[in-house]
There are 2 protein chains.
Amino acid sequence: MTATAAERRAARAEARREEILDAAQKIFASKGYNETGIADIAAELGIGHGTFYRYFENKQDIAVQVLDRAILDIASALSDEDPHASNDVDEYRAQTTRIMLRMFEKLESHPEAFALLHVQSVAIDTTATQRSFEAYSAYTEVFLRNGIEKGFLRQDMDVEITAQALVGLIFEGTRRAIAEDTPRELWMRWINAGVALMFEGVSANQNG
Amino acid sequence: MTATAAERRAARAEARREEILDAAQKIFASKGYNETGIADIAAELGIGHGTFYRYFENKQDIAVQVLDRAILDIASALSDEDPHASNDVDEYRAQTTRIMLRMFEKLESHPEAFALLHVQSVAIDTTATQRSFEAYSAYTEVFLRNGIEKGFLRQDMDVEITAQALVGLIFEGTRRAIAEDTPRELWMRWINAGVALMFEGVSANQNG
DNA sequence: AAAAGCGGAATGACGTGTCATTCTTTTGAA
DNA sequence: TTCAAAAGAATGACACGTCATTCCGCTTTT
């Protein structure tokens, strides 16, 4: 171990920073931003709350970082699908199904991330959620454009708005799920009904 | 004017109660629940903040009442469509279009109501929004069941989930609109794209 | 021994809710 | 009708608790 003293210190500091972020995420998600005191975060870790200020500017500072982490975490559920990969409706349908499935898996493994995104974000930074939704719908637009170019999606679609609506549809599922615990069977209903609505609409089969 | 003194007093008290509710709605919607002090509400009306406590228990008390009012206000945009009226897809499509249009009109005339429903509600009473969304989707279910029975909507539809998803879709539009001011032209795009997505889905015309 | 890290008491700003006091309306006796 | 007393309404100073942030003495690391 050729680590210098300074390097070791920096590593320890970084580790503790992460610990504090984790504790804050947990408590913000469960008690809520406004109801959480710095002392609560410190107590969770058994450290003095003065120590907190060695690692973060203030409460707003850590809250923004916690929220950003959560948003990135959720975004990662989308990132491993290539928006240009699909060549027909069935492929795109399968892709969408995988994305929604991954979303619900994320919800199960990191429920706090969704609580932060949907609930606490308004207390922390209203614009953060907006910006993230903007990013999600921009990404969705790429998928839609791909399908329109290749001819398997509706040619007259208003891509921008449709993308926004689809993001709203998907996140409505996760939003509801954070309120009460959601068994895997209910996910499946959401995924099936959501995908059916998205691809076929509500109309009976013989349309137009 | 045969009003007794007691009646006059009661009327005046009720009027002031309304004034305070209005002021609170305005300020909660603009500053946010947690950032609003009783003093702010009183200042808005130019009354002493002690007076506030003659009319409401505390901040939570008035906030719940303000939120309930807002939810009822928004619900009224739906109430004048009969869920059993439509007999074919086109009629139901027209009904849906009217509902969405009325929603955006409500948004224009009472923007604070939506700010309260979408944003402040989580700070005031998490369960209130849930309950209201529950009510909206239960109402939507009635429309869907009507269409399935009459054969013009998809027979295999998961009515419960689809209704929830549709509510999410519609409110995503209003949610976005409260952030930035939304010109009427953008409403129309939302209504058109939303209705198209709902009835036809994203797929190109000749499906399955 | 010096430097860095830590803890928790102290500080001060702020918001809530109370209450003694003042102002307004109503009452009813003259 | 008049007006003084009673009842009701409004006010804002203040007590109180809470909490983010700071400060300084103590401990651990180098």
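So you know, we letter chains A, B, ... as the sequences are listed, proteins then strands, and number each from 1.
Listed by chain and number, the residues in a side chain to side chain contact (heavy atoms under 4.5 Å, CB included) with B:Arg69 are B:Glu18, B:Leu21, B:Asp22, B:Gln25 (sequence neighbours excluded). For A:Arg176, the side-chain hydrogen bond (donor to acceptor under 3.5 Å, both in side chains) partners are A:Glu172, B:Ser137, not counting sequence neighbours. Shown here are the side-chain hydrogen bond (donor to acceptor under 3.5 Å, both in side chains) partners of B:Arg145, two or more places apart in sequence or in another chain: B:Glu141. By the side chain to side chain contact (heavy atoms under 4.5 Å, CB included) test, A:Thr126 is found to be paired with A:Gln130, residues two or more places apart in sequence or in another chain being considered. Listed by chain and residue number, nothing satisfies the ring pair (Phe, Tyr, Trp, His ring centres under 6.0 Å) test with A:Tyr55 (two or more places apart in sequence, or in another chain).
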Scan nucleotides 22-28 of chain C nucleotide by nucleotide, 5' to 3', and note B when protein non-hydrogen atoms come under 4.0 Å of the base, S if they reach only the sugar-phosphate, - if neither.
---SSS-
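For the ring-ring contact (aromatic ring centres under 6.0 Å, His included) condition, the pairs that include at least one residue of residues 94-133 of chain B, sequence neighbours left out, are B:Phe104-B:Trp187, B:His118-B:Phe171, B:Phe133-B:Phe171. Among residues at least two apart or in separate chains, salt bridge (charged side-chain N to carboxylate O under 4.0 Å, His left out) pairs with a member in residues 42-60 of chain B are B:Lys26-B:Glu44. Counting only residues at least two apart or on different chains, the ring-ring contact (aromatic ring centres under 6.0 Å, His included) pairs with a member in residues 29-49 of chain A are A:Phe28-A:Tyr33.
Within residues 24-47 of chain B, the residues that place at least one heavy atom under 4.0 Å from DNA chain D are, in residue-number order, B:Ile47. For residues 53-66 of chain A, proximity to DNA chain D is found at A:Tyr53, A:Asn58, A:Lys59, defined as any non-hydrogen atom under 4.0 angstrom from a strand atom.
Without hydrogens or angle criteria, A:Ser203 side chain to B:Phe199 main chain gives a donor-acceptor distance under 3.5 Å.
In the 5' to 3' direction, nucleotides of DNA chain D lying under 4.0 Å from heavy atoms of chain B begin and end at D:dG8 to D:dA13.
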